[in-house]
2 protein chains.
Amino acid sequence: MRLSARTQYALRAAAELAAAPPGPVPAEKIAAAQDIPRRFLDNILLQLRRAGLINSQRGPDGGYWLARPAADISLADIIIVVEGVSQDSERFPGVAEPLADVWGALRDYEQATLSEITLAHIASGSLPPL
Amino acid sequence: MRLSARTQYALRAAAELAAAPPGPVPAEKIAAAQDIPRRFLDNILLQLRRAGLINSQRGPDGGYWLARPAADISLADIIIVVEGVSQDSERFPGVAEPLADVWGALRDYEQATLSEITLAHIASGSLPPL
DNA sequence: TTTATCCCTACTTAATAAGTCGGCTTCGTC
DNA sequence: GACGAAGCCGACTTATTAAGTAGGGATAAA
């Protein structure tokens, strides 16, 4: 479950938006609250917007907000956007072949868990039973 | 669950030893069976030996073999040796704090699964229910 | 004494991640 | 319509890690 700093930042920024009162939140505020390098955050928010997860508004009193209710955005939704989809298909010759099943099972569990947890869970601090 | 090529190689090499008949297996044979760069494999086997997971014998008819029964060596045992122990402790300011619990839960599940599966499971091709 | 094998440190190269830069665009206010 | 507060955007640089290579040295059996 190794996540890049970029992905962690994306999740934390999204959590910040989920917890904010309705209305645009400026990137500057997110950066300060989550201690994320400002320019890097711009970059990440842009990616989330292009993916349709958040909306934005320019100009004074502009900022970002979630494009859907927090309960409708899962952690997996965000991770998939930032990490990109992985086309691995490692080779497992001969006797090592069952390893593929192990990785598959772990991946499935992880996927299921991350699809179940939403930004609403994070923002409210009450996670479903894991 | 991102594993480095090095770790994958280590697991595959160990699986090869687990499946081999008793007696030393030369690195060359492992490299061929699992399509692992020869010199790189040397390096990895050395690490496994220093960790006490495998034994070795030099000279003609030398090679490597498991230091313990295959049923007593879990995937986690190998992974911990090769990946090293991670001292991360990421920061999760404010509202993002529950994310730490999610990663913790996922890590625990993964750890439990990988500790349960042994080289004997891999070599025999019969995994415990996942 | 030759040959097959492991032992060991250090090095190089390739890939990816992390973060920075410069400047442009939009929009509300005065 | 000028100004300032914001977001938009591609390209660039730097740091870190992963992956693999090199060049020998040490052992042991025949």
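So that the names make sense, note that chain A is the first sequence line, chain B the second, and so on, each numbered from 1.
- Listed by first then second residue, pairs satisfying salt bridge (charged side-chain N to carboxylate O under 4.0 Å, His left out) with a partner in residues 43-71 of chain A read A:Arg68-A:Asp77, not counting sequence neighbours.
- In this entry the distance linking CG of A:Leu41 with C1' of D:dA6 reads 13 Å, nearest Å.
- Take B:Glu116 and apply the salt bridge (Lys or Arg N to Asp or Glu O under 4.0 Å) test, not counting sequence neighbours, and it matches no residue.
- Taking both residues in full, the closest heavy atoms of A:Leu66 and A:Asn55 are given as O-OD1, 4.4 Å, listed atom of the first, atom of the second, then distance.
- For residues 2-17 of chain A, the pairs satisfying salt bridge (charged side-chain N to carboxylate O under 4.0 Å, His left out) are A:Arg12-B:Glu90, with sequence neighbours left out.
- Listed by first and then second residue, the ring-ring contact (aromatic ring centres under 6.0 Å, His included) pairs that reach into residues 45-64 of chain B come to none, sequence neighbours excluded.
- Residue pairs meeting the ring-ring contact (aromatic ring centres under 6.0 Å, His included) criterion with at least one partner in residues 108-130 of chain A, sequence neighbours excluded, are A:Tyr109-B:Tyr109.
- Where the helix from C:dT1-D:dA30 to C:dC30-D:dG1 starts and where it ends, the local axes point in directions that differ by 0°; five pairs per end, rounded to 10°.
- Checked against side chain to side chain contact (heavy atoms under 4.5 Å, CB included), A:Ala71 has the following partners two or more places apart in sequence or in another chain: A:Ala120.
- Between B:Leu45 and B:Ser56, the closest side-chain pair of non-hydrogen atoms is not below 4.5 Å.
- In terms of phosphate contacts, B:Arg38 brings no side-chain nitrogen or oxygen within less than 4.0 Å of OP1 or OP2 of D:dA22.
- Here the side chain of A:Thr7 pairs no donor or acceptor atom with the backbone of A:Leu3 at under 3.5 angstrom.
- Of all heavy-atom pairs between B:Thr118 and B:Ala70, the closest is CB-O, 3.6 Å.
- In this entry the distance linking CZ of B:Arg39 with C1' of C:dC11 reads 12 Å, nearest Å.
- A:Glu28 is linked by a salt bridge (Lys or Arg N to Asp or Glu O under 4.0 Å) to A:Arg38, counting only residues two or more places apart in sequence or in another chain.
- Distance, B:Leu45 CG to C:dC7 C1': 12 Å, rounded to whole Å.
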Is there any protein nitrogen or oxygen under 3.5 Å from a nitrogen or oxygen in nucleotides 15-18 of chain C, and what are the pairs?
| unit_1 | atom_1 | unit_2 | atom_2 | d |
| --- | --- | --- | --- | --- |
| C:dA18 | OP1 | A:Ala5 | N | 3.0 |
| C:dA18 | OP2 | A:Ala5 | N | 3.1 |
| C:dA18 | OP2 | A:Arg6 | N | 3.4 |

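- The nearest whole Å value for the distance from the CG atom in B:Asp42 to the P atom in C:dA10 is 17 Å.
- Residues of residues 12-19 of chain A having a heavy atom closer than 4.0 Å to DNA chain C: none are found.
- Nearest heavy atom pair, residue B:Ala27 against residue B:Leu41, reads O-CD2, 3.4 Å.
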Enumerate donor-acceptor pairs with a distance under 3.5 Å from any side-chain N or O in residues 96-106 of chain B to protein atoms, sequence neighbours excluded.
| unit_1 | atom_1 | unit_2 | atom_2 | d |
| --- | --- | --- | --- | --- |
| B:Trp103 | NE1 | A:Gln8 | OE1 | 3.3 |

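- Residues of residues 46-66 of chain A having a heavy atom closer than 4.0 Å to DNA chain C, listed by number: A:Gln57, A:Arg58, A:Gly59, A:Pro60.
- Following rounding to the nearest Å, B:Asn43 (CG) and D:dA19 (P) show an atom-to-atom distance of 12 Å.
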